[in-house]
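Everything below concerns the one structure shown next.
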2 protein chains.
Amino acid sequence: MATLKDVAFLAQVHPSTVSRVLRCSENLPISAETRQRIMAAAIELDYHPDQRARALRLGKSNTIGLIIPDISNPFFADIAQSIEQECHKAGYMLMVCVSNEDQEKEINFVNNLTSRGIDGLIIAPVQDSYAHLVRLKKKNYPFVLIDRCFEEFETNAVISDNEASAFDAMEHLVKLGHRRIAFLSGRPTIYTIRKRLAGYLHAVNVYDLDRTPELISNGGFTFEQGYKECLKILSLPEPPSALLVSGNQITFGALRAIVETGLKIPEDISLIGFTDSIVTPFLVSPLTAITHPLRDMGARAFALLLQHMNAKERLPFSRIVVETKMLPGASTAPINEKMIA
Amino acid sequence: MATLKDVAFLAQVHPSTVSRVLRCSENLPISAETRQRIMAAAIELDYHPDQRARALRLGKSNTIGLIIPDISNPFFADIAQSIEQECHKAGYMLMVCVSNEDQEKEINFVNNLTSRGIDGLIIAPVQDSYAHLVRLKKKNYPFVLIDRCFEEFETNAVISDNEASAFDAMEHLVKLGHRRIAFLSGRPTIYTIRKRLAGYLHAVNVYDLDRTPELISNGGFTFEQGYKECLKILSLPEPPSALLVSGNQITFGALRAIVETGLKIPEDISLIGFTDSIVTPFLVSPLTAITHPLRDMGARAFALLLQHMNAKERLPFSRIVVETKMLPGASTAPINEKMIA
DNA sequence: TTGAAAGCGCTACCAT
DNA sequence: ATGGTAGCGCTTTCAA
């Protein structure tokens, strides 16, 4: 790798001169001839400034970090994609890290990224703990949470209206006559899930629905877990006539369980999923889905972060709530005798 | 951010002593008392060594870069996920960059990452040009290509048996009686696609199938492009009775076109896709798919890279070819009169 | 118009 | 057992 020194040597000038020429604006006092020589040398040696050294010297890396729990989940993949594009537009690099829903890993990533001189951080936190984020906040380090946040700990965040959307989905099912509705929730320590659960329970109370505790399942967020939890629920002595499922991978897992059990959607069972995937309309039964404005979420998270990174003084924290949309499908139908039997 | 100096000051020792204590093995000549003081100070100040400075000093960053064209494509997302996990196991950080199939962006990423002192690079190249990779190779910089490689330019690579798998898929359709088979190819400048096209054409020749040029479509890799190209093909005066589709997003786009046109799979049209997604079995028609061992591809690419990064001397390049598998589905059926009409 | 020197935070080597 | 120093590659201020 060619260094400033190498270029300087080839161009027969001092390294500092090279730096000035390569960095500075048009109207810098330099002889056209020297500039030519330096440019030629830089190209000749395929010189690219060492970003570590620059970052060290400048105290700025023009890079931000993103920590997400799962990159193979389209939910986070699409958010990552949009953040990456926003970064690119703004001249930033993005460093993506995958915590795999492992709190230890997340903590390591936070430490590692900050000590790499990353200018800011966007995190979809695992939410088993948050002491490491309190430390970040204390150090006045700019960061934005996405999708998940803490009720008891104030930070920047971009989240969605989970409680309302879960309630609306339930209401939709209730209007079709369903009264025994299961909720495949995911990991309940997470903000998103707690809110959705609250929306579910609210509907259960308002409409006095079946309260069988087994109707609420707490697994994890993976395909496998969705599959297993759904199988368990379908084999209840009194299985539900409808399902509310919380997340892409879980929904696909539930789908597998339903298909394998030989049930038809929506004839035998209705299904609404919190599902963000281009394929939902082309599934065995086109899914009625609660969808997130993922690109918008990513863009707003980055904009908020940028704002805080550029701020001269401490800015107040923002909590941005985006609206979900119900994508109509064909996976819900009125209740029928067969289901009640 | 606390520095070595801060810790040293608090512990009343010299910075170099702190560095030694924090870095070195057990049997380093140091008084237990001093060690205690230093450790306490480090924890007190929440000290984390500046990785930029370390990387600069050590000439090693313990970070590798990954450049992929599209993170919201499950194909690349799963590869990224597996590489990330391998990295983590080996104590490396992963920096993911998304080129969005834009050659300029990829070139920028390569320059940017290398000048960040990244130890190695895994790239699924855009393949509009490769001068930048030639430069990397000249500098003896370790990198591995994944999924796509260059016939005329020798590098490390992990790829799959595209030509054979395309031929096999065609054979499968031919045996069902299909003779007018369309190929939705994606961008044909890419190795993967050229190979698949070769397999397709080989089958066309061997079995003397319909050679209508319009049966071969060259769009891009996106959902939208798959949708449009497929619509075009379905509205041919003599539409095909079967479709071979190259890639996740294209397949989903094609699915949309088929569903919207009111065609049924496989009654009206057969479909085989190069599709790696957990949802393929739960699509309108469970898809017959050619799948890649994605986790394995990622793991092998990383292992190969690691080998080259650790090598004292120049190693010979490896080209690893992994095998695809045909996942049986219900999206293919024997040809019938309706199709021929 | 260009050169010299200091220093970002760290580690490795050489002193003591 | 601990301290001092040089230097990784860069930028910036000051000097000439």
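Below, each value reflects all heavy atoms present in this structure, side chains not excepted, and no hydrogens, waters or symmetry copies.
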Side-chain N,O (B:S31) to OP1/OP2 (D:dT2) below 4.0 Å: yes
Considering all heavy atoms, the nearest B:G120-B:L305 contact: C-CD2, 4.0 Å
Gap between atoms CG and C1', on A:N62 and D:dC10 respectively (whole Å): 15 Å
Nearest-angstrom distance from the residue atom CG of B:L56 to P of C:dG7: 17 Å
Ion pair B:R148/B:E101, N-O distance below 4.0 Å: yes
Interatomic distance where NZ belongs to B:K5 and P belongs to D:dT5 [whole Å]: 14 Å
Listed nucleotide nearest any side-chain atom of B:T34, set C:dG7, D:dT2, D:dG3: D:dT2
C:dT2 phosphate, OP1 or OP2, under 4.0 Å from A:H14 side-chain N/O: no
Ion pair check, A:K60 and A:D119, cut-off under 4.0 Å: yes
Separation of atom CZ in A:R37 from atom P in C:dT1, rounded to whole Å: 14 Å
Length of the CZ-P vector between A:R23 and D:dG9, whole Å: 16 Å
Interatomic distance where CZ belongs to A:R57 and P belongs to C:dG9 [whole Å]: 11 Å
Between C:dG9 (C1') and B:F9 (CZ): distance, integer Å: 18 Å
Spacing of A:K60 atom NZ relative to D:dC10 atom P, expressed in whole Å: 19 Å
Among D:dT5, C:dT11, C:dT2, the one nearest B:L58 by side-chain distance: C:dT11
Sugar-phosphate only, base, or nothing, as touched by A:L4 at under 4.0 Å among non-hydrogen atoms: base
Nucleic acid contacts - residues 39-54 of chain A versus DNA chain D, non-hydrogen atoms under 4.0 Å: A:Y47, A:P49, A:D50, A:A53, A:R54
Nearest heavy-atom neighbours spanning B:N100 and A:Q81: OD1-NE2, 4.5 Å
Distance-minimising heavy-atom pair for A:S82 and A:R295: OG-O, 3.2 Å
B:D147 and B:I159, any side-chain heavy atoms less than 4.5 Å apart: no
Carboxylate-amine/guanidinium proximity below 4.0 Å for B:K139 and A:D46: yes
Sugar-phosphate, base or nothing in reach of B:S19, heavy atoms under 4.0 Å: base
Cationic N near anionic O, under 4.0 Å, B:K89 to B:E84: no
Pairs: protein N or O with nucleotides 13-16 of chain C N or O, under 3.5 Å:
none

Just list the side-chain donor-acceptor pairs under 3.5 Å for residues 49-56 of chain B, sequence neighbours left out, or say none.
residue	atom	partner	partner atom	Å
B:D50	OD1	B:R52	N	2.8
B:D50	OD1	B:R52	NE	3.1
B:D50	OD1	B:A53	N	3.1
B:D50	OD2	B:R52	NE	3.2
B:D50	OD2	B:R52	NH2	2.6
B:R52	NH1	A:A55	O	3.3

